[in-house]
*Asks:* 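Below are the structure tokens for one structure; questions will follow.
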Amino acid sequence: MRMARRGNLKKSETRRYPDRPILGVGALILRRGRILLVERGREPLKGYWSLPGGVLESGEKLTEGIQREVLEETGLEVEPLGIFEVFERITSDGRGRAEYHYVLIDYLCRVRGGRLKPGDDVSRAEWVSRADLHERRITEGTLPVIERAFRQGRRALLKTR
């Protein structure tokens with residue numbers, strides 16, 4: 001698995017006001033009635049809680065990207081079980097221009113090893129119970145995905161190749 005760092009973006013590859021949507025991956029990791037969430041440690045979204053994940057690197061397969069991102073952000077090794085959800089996150093500026101535009105592919109994953117510890121660009125990584133989700137400042141669009149994962153779990157996996 002490649003361990004490329006996403007902090008090495010070229011000037012032409014800015015995430016703010018991108019020329020085209022940016023492909024990202026996220027991990028839904030459920031364990032004993034809890035979900036693994038990370039608190040973002042950098043802008044944009046500093047202080048918000050979200051699924052572990054990030055931007056896919058060029059030449060990296062989707063499953064490799066999700067494994068790399070989860071390891072970088074949480075210290076955990078995961079096995080992607082399948083795609084759970086695909087959605088867009090578009091944030092517009094005051095003039096209506098797309099300031100950020102991501103296409104996000106969320107995988108249902110299972111922990112295979114490692115030790116939970118925050119890393120990379122997160123300030124905290126924690127197992128959060130369903131009942132405690134309302135106490136977190138969660139990124140827009142993420143809570144409905146988490147709720148569906150708790151309700152449907154593996155039954156809702158999309159077919160992947």
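Positions are given from 1 along the sequence.
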*Asks:* Among L51, L36, V38, exactly one meets side chain to side chain contact (heavy atoms under 4.5 Å, CB included) together with E73. Which residue is that?
*Replies:* V38
*Asks:* Is it true that atom CZ of R151 has more than 12 heavy atoms of other residues, nucleotides or ligands lying nearer than 6.0 Å?
*Replies:* yes
*Asks:* State the CD-CG distance between E126 and D132, to the nearest 0.5 angstrom.
*Replies:* 10.0 Å
*Asks:* With rounding to the nearest 0.5 angstrom, report the CD to CG distance, E69 to D121.
*Replies:* 7.5 Å
*Asks:* Take atom CZ in R115; do more than 12 heavy atoms of anything else shown fall under 6.0 Å from it?
*Replies:* no
*Asks:* Working note: V128 + R34, criterion side-chain contact (heavy atoms from CB on, under 4.5 Å); need CA distance, chi angles, decisive distance, verdict.
*Replies:* CA-CA 5 Å; V128 180; R34 296 177 183 271; 5.9 Å; no
*Asks:* Side chains of E39 and S123: any donor to acceptor distance under 3.5 Å?
*Replies:* yes
*Asks:* When rounded to the nearest 0.5 angstrom, what is the spacing between CG in L104 and CD1 in I22?
*Replies:* 10.0 Å
*Asks:* Do R15 and V55 have side-chain heavy atoms sitting under 4.5 Å apart?
*Replies:* yes
*Asks:* Indicate the atoms forming the closest heavy-atom contact of P118 with A125, along with that distance.
*Replies:* CB-N, 4.0 Å
*Asks:* Quick one, L116 and W127 - any side-chain contact, counting heavy atoms below 4.5 Å?
*Replies:* yes
*Asks:* Could you grab the distance from atom CG of L71 to atom CD1 of I66, nearest 0.5 Å is fine?
*Replies:* 11.5 Å
*Asks:* Do R110 and R31 have side chains that approach each other closer than 4.5 Å (heavy atoms only, starting at C-beta)?
*Replies:* no
*Asks:* To the nearest 0.5 angstrom, please state how far the CD1 atom of I146 sits from the CZ atom of F84.
*Replies:* 10.5 Å
*Asks:* Please answer: with hydrophobic residues joined when any side-chain heavy atoms are less than 4.5 Å apart, are F87 and I90 in the same cluster?
*Replies:* no
*Asks:* Indicate if Y17 and L45 have the same hydrophobic cluster label, given that clusters are the connected sets of ILVMFWY residues with side-chain heavy-atom separations under 4.5 angstrom.
*Replies:* no
*Asks:* With salt bridge (charged side-chain N to carboxylate O under 4.0 Å, His left out) as the test, would you mind laying out the steps for E64 and R68 before giving the verdict?
*Replies:* CA-CA 6 Å; E64 293 170 343; R68 175 184 52 78; over 6 Å; no
*Asks:* Quick check: do E147 and L133 have side-chain heavy atoms less than 4.5 Å from each other?
*Replies:* yes
*Asks:* Side-chain contact test, heavy atoms from C-beta onward, threshold under 4.5 Å: evaluate it for V122 versus R40 and give yes or no.
*Replies:* yes
*Asks:* Taking L28 as the starting point, is it possible to reach Y102 by hopping between hydrophobic residues whose side chains are less than 4.5 Å apart?
*Replies:* yes
*Asks:* If two hydrophobic side chains count as joined below 4.5 Å and joins carry through other members, does L62 share a cluster with I29?
*Replies:* yes
*Asks:* For the pair Q67 (side chain) and V78 (backbone), establish whether a donor and an acceptor sit closer than 3.5 Å, ignoring hydrogens and angles.
*Replies:* yes
*Asks:* Out of curiosity, Y100 OH to R89 CZ, how far, rounded to the nearest 0.5 Å?
*Replies:* 12.5 Å
*Asks:* Honestly, is R136 close enough over W49, meaning NZ or CZ under 6.0 Å from the six-membered ring centre and within 45° of the axis?
*Replies:* yes
